[in-house]
Amino acid sequence: MIAAGSREISDGQAVFAGLGIPQLAVALAQRTHAPHVVVLNEAGVVDPHLIELGVGNADPRHWYGASYFGTFLDVVGMLCQRGVVDVGFLGALEVDAYGNNNSSEVLRDDGGIRRFGGGGGANDIASHAKSTILIVRHERRKLVERLVHNTSPGFLDGGDARARLGLPGGGPSRVLTDKAVFGFDDVTHHIKLLSIHPGVSDEELQAATGFALDIPSGCPRTPPPTDEEVRLVREELDPRRMYVGAF
Amino acid sequence: MIAAGSREISDGQAVFAGLGIPQLAVALAQRTHAPHVVVLNEAGVVDPHLIELGVGNADPRHWYGASYFGTFLDVVGMLCQRGVVDVGFLGALEVDAYGNNNSSEVLRDDGGIRRFGGGGGANDIASHAKSTILIVRHERRKLVERLVHNTSPGFLDGGDARARLGLPGGGPSRVLTDKAVFGFDDVTHHIKLLSIHPGVSDEELQAATGFALDIPSGCPRTPPPTDEEVRLVREELDPRRMYVGAF
Amino acid sequence: MTENQAVERSKLTSLAEAAAIVRDEDNLAVGGFACARNAVAFSRELIRQGRRDLTLSGVVLGMEADLLVGAGAVKRLIYGGGSLDRYGPIQCINRAYEQGKIVAEYYSSLAVNFRYLAGALGIPYMPIKSMLGSDLLTRLEQDTAADVVKEGECPFTSEHLVLVRALVPDVTVLQVQMADELGNAQILGPRWDNDEAAKAARQVIVITEELVSTDIIRRQPELTVLPGFRVDAVVHLPFGAHPTSLYRCYDHDADHLKLYVGKARTEAGLEEYLDEYVREPRDHFEYLDRVGGLAHLSTLKADPVLGY
Amino acid sequence: MTENQAVERSKLTSLAEAAAIVRDEDNLAVGGFACARNAVAFSRELIRQGRRDLTLSGVVLGMEADLLVGAGAVKRLIYGGGSLDRYGPIQCINRAYEQGKIVAEYYSSLAVNFRYLAGALGIPYMPIKSMLGSDLLTRLEQDTAADVVKEGECPFTSEHLVLVRALVPDVTVLQVQMADELGNAQILGPRWDNDEAAKAARQVIVITEELVSTDIIRRQPELTVLPGFRVDAVVHLPFGAHPTSLYRCYDHDADHLKLYVGKARTEAGLEEYLDEYVREPRDHFEYLDRVGGLAHLSTLKADPVLGY
């Protein structure tokens with residue numbers, strides 16, 4: 001997922017990347033094909049160059065080497081809603097087949113609500129970034145037909161629903177899971193399988209997905225991370241394995 | 001006018017005071033009865049403590065000793081429109097009998113427009129400050145029946161017109177001229193003569209005023225500046241007579 | 001003209017007196033962001049004073065808010081999210097939410113910030129394009145904030161917009177690195193929603209690590225977060241943000257945050273935590289002793305180059 | 001994880017190349033305020049390049065704008081006012097206004113700033129309470145800006161409001177004290193409308209007195225006025241604001257301002273001024289020679305304590 005995320009980033013882009021996999025994906029991109037990526041942090045930080053990983057956006061470790069300290073309004077209002085953010089990575093509890101996603105709450109087995117911390121700026125990023133990349137663990141209860149809470153709209157009901165409503169951003173471009181990489185159809189905006197990770201079978205993939213998948217015969221395999229990518233993440237970006245157990 | 005302006009300021013107030021007489025009035029108040037006055041400058045400066053007079057709000061001499069440097073939006077939006085500015089001094093080209101005033105343009109003798117620089121934040125201050133004090137030279141073509149341009153509303157047509165329209169600030173509390181001090185009637189909000197400067201006759205006053213004045217018999221005389229006020233202005237506040245010729 | 005050094009009025013006060021500015025049922029904007037720059041000492045004092053029925057607001061809440069909700073001091077939240085970063089979720093808030101013990105006005109964080117912005121600018125509402133098409137909007141309009149959130153059209157472009165009403169906190173509390181006794185407060189590092197929350201508020205309380213003279217403030221007035229005359233109380237308190245971090249002063253206390261997250265997992269555990277670290281300590285300094293005293297706190301001191 | 005010092009792209013360019021970013025008919029936001037921090041060298045270069053039909057905007061205009069209007073480069077103004085402080089009025093602008101040679105959208109300065117703010121925030125309009133009941137509003141609604149200014153009601157409180165449409169400058173030019181070649185620009189002293197004008201703009205040009213390394217910027221990222229990636233060109237130019245002041249670098253040039261005000265009193269005088277100080281000098285350095293060279297400019301250098 002780190003390598004796959006990294007490959008979605010182009011040089012020079014302005015990118016929101018939260019803790020964990022998104023952040024490592026962006027750091028990896030900076031070390032390989034996209035050295036001039038500008039990282040944004042909702043707390044009010046632009047272009048940090050950290051020298052050690054911290055515990056989150058609020059950790060000053062993630063502010064080190066920044067060239068801009070401002071406010072949430074500066075970063076999420078005057079950059080993101082202003083329309084100059086290229087990519088936003090969003091972690092999700094649930095994603096549906098149009099890239100709408102939930103970062104608020106899920107249902108417990110007993111039907112009660114299990115509340116998470118709340119999306120924070122996730123809805124703002126989903127509404128305004130030129131593209132978003134959704135990160136979700138590939139489970140049947142996470143890739144779902146119907147969300148418990150649509151915190152961050154993707155393409156709504158698909159087709160031109162998003163544009164018609166007037167959401168300024170481009171919507172999700174990718175969904176990255178631990179089993180596959182998805183994109184979206186240009187017209188219907190329905191989720192579209194792009195590649196399956198090595199070692200995952202078609203049956204396993206469908207079984208772990210809460211909506212029907214169209215798995216083309218001969219669907220490409222996701223290229224595995226290169227040796228250099230593995231080395232960079234293990235030895236330089238996350239040597240203490242804070243965020244990466246098995247790669 | 002400087003001493004009269006100074007007496008309108010209470011201790012601890014937040015005050016807009018432009019170049020010249022307003023600024024000297026506030027500085028005089030700070031040296032006498034109102035040491036904790038906080039001066040605001042639209043450029044984005046709060047609480048300067050200048051040590052020499054400059055050429056205007058944009059002159060760094062008027063920023064010296066400030067405890068806050070921000071923006072126009074901070075000062076005029078987030079203080080003034082926010083409703084926490086007590087007094088705004090406004091210089092005017094024309095004032096009418098309800099304290100509406102013009103800082104934009106006047107008519108030339110040939111009927112053409114004579115344009116001035118424009119009100120800048122004058123309208124904002126007039127709209128939002130808890131009170132304003134208007135400064136105008138006492139001439140028939142400056143205290144007028146009808147303005148060439150209502151740049152900054154006072155009480156509009158009088159009565160409760162200002163409140164009905166929803167202008168948040170309190171409107172003008174005083175008009176200071178080189179001949180008299182005016183207030184406004186609490187109900188009609190028509191201009192009301194409060195005192196005549198020493199040496200000005202009733203006839204001279206009416207002749208220099210473009211609307212009918214109600215001059216009560218025995219109208220008080222404006223108390224002249226004290227020896228200490230004269231000394232402070234001449235020796236300390238404006239020793240080079242940049243703004244005060246004859247007092 | 002010689003320098004005018006007016007003898008200006010001090011706003012310096014004790015933590016207890018500052019906390020007494022907040023009344024039951026007040027709308028209180030808190031200034032922390034997840035594990036950073038929370039005014040946790042202020043929350044502890046509000047709990048000691050038994051404050052009730054508060055409305056708390058913030059773009060991204062942290063421990064200062066979680067503790068207040070856990071202690072039952074809060075009836076309503078206005079927020080976009082919250083966390084204790086990698087240490088865990090805001091468990092007291094999430095539990096109160098799940099049990100229906102608080103009303104949660106749950107927005108995108110930018111929408112909360114826009115409500116402060118409108119308050120700060122003295123205008124009654126702001127248009128925003130976030131939240132369109134989301135369940136955030138549906139719930140706010142239909143349930144938690146029908147008098148505060150509406151959909152509308154741009155009068156110029158006809159585009160669809162969300163309109164959010166101004167939020168004017170009764171009190172905003174800011175934890176800062178440096179302030180003078182007049183209330184001129186300077187913040188180092190990012191400031192999240194602090195600028196607008198403070199500029200919108202009726203009253204502002206500043207908790208400062210360092211108390212400095214106004215002459216120090218005047219060296220860099222660019223860093224002053226709002227003019228001193230808008231501040232009502234200044235409290236000089238070392239380690240007032242503990243166990244959250246104060247950039248350039250001290251790091252967050254990982255051990256204590258883990259302890260808190262462990263305790264806050266259950267209501268019973270939280271009560272133990274509140275007894276030991278909030279209710280029993282006579283004051284902030286006894287709290288600092290209980291969390292390890294100077295020996296432990298010294299280990300948190302920020303490296304002057306790194307800032308943490 | 002070791003430090004990632006990416007080799008980032010330089011935006012350093014010449015004054016001529018930066019001025020070429022501005023096209024005829026562009027909407028250009030200028031960053032000066034009366035006699036302070038005007039990008040006058042940039043205006044002179046635009047005139048040398050013969051730019052026409054510009055729309056200029058600013059809350060309080062100064063010499064950079066007056067010169068452009070005097071040279072016939074401007075067809076429309078969006079402004080709240082302007083002056084050369086005590087040296088005199090903005091005579092070229094006032095003359096063009098009186099003669100009907102420009103369209104002047106004349107607002108309260110806060111309303112201009114609100115138009116930038118809406119642009120910066122990515123929303124189509126802002127509500128404001130200034131201008132109600134004034135002739136400013138009447139003229140804008142009925143004449144100069146009918147598609148930009150409307151009256152409306154608050155959807156929550158029903159109070160009467162003015163609604164002003166977002167202004168997104170094609171280019172904003174900022175004169176600053178310090179910037180790196182990536183575009184990270186730092187401003188000392190007050191910043192008037194610079195923050196919102198720059199954050200709203202499609203393209204931003206920075207004229208800087210000092211060119212510094214990014215490491216210097218990183219010492220105080222709190223002073224950076226907008227992130228470098230939002231900046232399109234950085235021009236390193238000494239005395240670029242002359243004859244206006246650049247706080248902490250140099251004072252305004254009283255003698256030259258008096259000379260300008262004297263010349264600008266008439267169209268013929270202005271033409272003489274333009275010939276001598278704008279059209280004839282080959283470049284900025286020849287201009288600096290003509291105004292007195294290093295011997296004269298040295299007398300303007302700011303005192304490090306006073307800042308002027």
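Side chains are part of it too, since the values below use all heavy atoms of this structure and drop only hydrogens, waters and symmetry mates. A quick note: this is a predicted structure, and the numbers were derived from the prediction, not measured. Sequence lines set the chain letters: A, B, ... in the order given, protein chains first and strands last, and positions in each chain run from 1.
Shown here is Arg137(A), whose CZ atom has no more than 12 heavy atoms of other residues, nucleotides or ligands within 6.0 Å. Annotation for Arg231(A): atom CZ counts as buried by contact number, over 12 foreign heavy atoms lying within 6.0 Å. More than 12 heavy atoms of other shown residues, nucleotides or ligands fall within 6.0 angstrom of atom CG in Asp11(A).
For the residue pair Ser67(A) and Thr224(D), the shortest heavy atom distance occurs at O-OG1, 2.7 Å.
In summary, of the residues considered (Val46(A), Val38(A), Leu40(A)), a side chain to side chain contact (heavy atoms under 4.5 Å, CB included) with Pro227(D) occurs for Val46(A) alone. Among the candidates Val84(A), Val37(A), Asp47(A), Asp86(A), the single residue satisfying the side chain to side chain contact (heavy atoms under 4.5 Å, CB included) test with Phe229(D) is Val84(A).
With a threshold of 4.5 angstrom between heavy atoms, Arg230(D) approaches chain A through side-chain atoms but not through N, CA, C or O. For Ala198(D), no part sits under 4.5 Å from any heavy atom of chain A, backbone or side chain. Using a 4.5 Å cut-off between heavy atoms, Val168(D) contacts chain A through its side chain alone, with no backbone atom that close. Contact of Leu117(D) with chain A is made through the side chain alone, with heavy-atom distances under 4.5 Å.
Side chain of Arg218(D) to main chain of Pro48(A): no donor-acceptor pair is present (N/O by atom type, distance under 3.5 Å, no hydrogens or angles).
The shortest distance between side-chain heavy atoms of Met78(A) and Leu121(D) falls below 4.5 Å.
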